[in-house]
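In what follows, a structure is listed as structure tokens, so that the remarks can point back to it.
We count ligands from 1, going down the list as the structure has it; atoms in each ligand are counted the same way. Keep in mind that the numbers below use all heavy atoms, side chains included, and drop hydrogens, waters and symmetry copies.
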Amino acid sequence: MALQASFLVSSSFSIPKEGKCSASSKDSSLFGVSLSELVKADFSSSALRCQREFKQRVGTVRAQTVTTTPAVNKTTPEGKKTLRKGSVVITGASSGLGLATAKALAETGKWHVIMACRDFLKAERAAKSAGIAKENYTIMHLDLASLDSVRQFVDNFRRSGRPLDVLVCNAAVYLPTAKEPTYTAEGFELSVGTNHLGHFLLSRLLLEDLNKSDYPSKRLIIVGSITGNTNTLAGNVPPKANLGDMRGLAGGLTGLNTSAMIDGGDFDGAKAYKDSKVCNMLTMQEFHRRYHEDTGITFASLYPGCIATTGLFREHIPLFRLLFPPFQKYITKGFVSEEESGKRLAQVVSDPSLTKSGVYWSWNKDSASFENQLSQEASNADKARKVWEISEKLVGLA
Ligand code: LMG
Ligand code: NDP
Ligand code: PMR
């Protein structure tokens, strides 16, 4: 229903082709140093330090035989090698950005999409109504609000025998009107538990599978957002993201003896969402620092534009849902259609020119991609390490 409603909304307005990213849509050189330079300068020593750890944890994978179809498996009569179909897992592909990305990739005929969704029937209906051809997708159950379900998904995926070439962590919940926190199966506040911790466990486990793939460009993508970045106007709309000293996260976000919020403050659903997006962007960078050099995997995040018609706003008050799309279209001009956002994320999945790791991608008003600058907090290496270390304890990896 939410999906149909959002399609109705989007088709009843004229949709501009390009999204504009407001304050953030400036070149990253605005701040003098590009993100890539920062990454090189700050992270080379920690990358070396982490190589050892990586070899201990993941290195054994290399010794195993790869049983999947070789990536380059056909030779055309002209002697050109062709690539097998890529295999991409997209979480939350039953609506919005995830569905649009699945459609964009499937339509190229070069990708098989594993739609990792919590509601099988909804996903099946969504795939059908989006017109995705049967042979181009598989739906597999994944509820990110349960760590058991994440582990079960990983087992099922491995049993399917498919290679993993790209993982897209896209699913999210946004609970702006909630007065009290709600919780995941393990008792973590639901927004951070789903958007960050569920994806954290999933991507840590599937790193091994990505590493096994012989696909020429392997990628792990975590969807971020402008609203988690306080170096933009949108990121300064209260409540602002702020992880503080992470005392709430360290306490497990239980809302019992500790706060349900990462910074230990009072519960605020909109802030919890924005904090979760900061965690997503920090996690991407920590992956990059720890594993890029050794694995060659590209780690990336992005802000796809303001897709004001998606199910993300389903919990917001009706007046907001009514006014938000025209506000973004005509006033901020940050609006982007679901279709356009899907093309953007599909680019980050498969475009041969977007292989750089450690990057937060955005698009300018002509829909051209550029490396954007993250806020101070969302690019703080110490915070990234701390989020990583606390999160691995919470999800049972350490
Ligand atoms: C808080 O709400 C929540 O309480 C909190 O829980 C959390 O969710 C947080 O950050 C998330 O939000 C704040 C929100 C609540 O209020 C706002 O921030 C107001 C902005 C909402 C965005 C919609 C703006 C709508 C502007 C209307 C423009 C329509 C334009 C069409 C134009 C076409 C022209 C060519 O508030 C709401 O959710 C309800 C929204 C109430 C709207 C109040 C309207 C004030 C409008 C002032 C703008 C004037 C613009 C005039 C435009 C005229 C153009 C000619
Ligand atoms: P939607 O609500 O349309 O899509 C979110 C998806 O996540 C749905 O498929 C939903 O499943 C799924 N999901 C929610 N909870 C779980 C769970 N526990 N387990 C598995 N899947 C779950 O929102 P969007 O498409 O807008 O959001 C996609 C991503 O884009 C999010 O990461 C969001 O933060 C990001 N983003 C969105 C922006 C926007 O303007 N909309 C802007 C910037 C970033 P179900 O269909 O079953 O509800
Ligand atoms: Mg925001 C100036 C540009 C701009 C952009 C690109 C966004 C994106 N927003 C902008 C501006 C403003 N917003 C302004 C000036 C206001 C005050 C009127 C405003 C308000 C606002 C609200 C209440 N905006 C919101 C909300 C939400 O509830 C959304 C949110 O914060 O979700 C966490 C939201 C968003 N604005 C955006 C984007 C992309 C969102 C969705 C957030 C996300 O998915 O991360």
Would Cys306 count as a contact residue for ligand 2, given that I'm defining contact as a non-hydrogen atom of the residue lying under 4.0 Å from a ligand atom?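 Heavy atoms of Cys306 do come under 4.0 Å of ligand 2.
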Where is the nearest protein heavy atom to atom 32 (O) of ligand 2: which residue, which atom, and how far?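 The answer is Asn170 O, 2.6 Å.
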Quick check on contacts: which atoms of ligand 2 are under 4.0 angstrom from a heavy atom of [X]?
X	answer
Leu312	1 (P), 2 (O), 3 (O), 23 (O), 26 (O), 37 (C), 41 (N)
Lys122	45 (P), 46 (O), 48 (O)
Ala145	18 (N)
Ser95	1 (P), 2 (O), 3 (O), 4 (O), 8 (C), 9 (O)
Ala171	7 (O), 12 (C), 13 (N), 21 (N), 22 (C), 32 (O)
Tyr273	33 (C), 34 (O), 36 (N)
Leu142	19 (N), 20 (C)

Determine, stepwise, if the pair Arg385 / Asp382 fulfils salt bridge (Lys or Arg N to Asp or Glu O under 4.0 Å). CA-CA 5 Å; Arg385 196 182 58 247; Asp382 291 333; 3.6 Å; yes
Min N/O separation Ile307 to ligand 2 under 3.5 Å: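 Yes, since at least one N or O of Ile307 sits under 3.5 Å from an N or O of ligand 2.
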If we set the cut-off at 4.0 Å for heavy atoms, which region of Ile307 has an atom near ligand 3: side chain, backbone, both, or neither?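 None of Ile307 does.
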Under a 4.0 Å heavy-atom limit, does Lys277 contact ligand 3 with its side chain, its backbone, both, or neither?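 None of Lys277 does.
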In terms of atom number and element, which parts of ligand 3 are under 4.0 angstrom from non-hydrogen atoms of [X]?
X	result
Phe313	41 (C)
Phe320	22 (C), 23 (C), 26 (C), 27 (C), 28 (O)
Leu312	44 (O)

Group every Ile, Leu, Val, Met, Phe, Trp and Tyr by side-chain heavy-atom contacts under 4.5 Å, then state whether Ile90 and Phe120 land in the same group.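 Looking at the clustering, Phe120 is in the same group as Ile90.
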Excluding sequence neighbours, so at least two apart, what forms side-chain contact (heavy atoms from CB on, under 4.5 Å) with Thr184?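 Expected list: Ala145, Glu186, Phe188, Leu190, Thr194.
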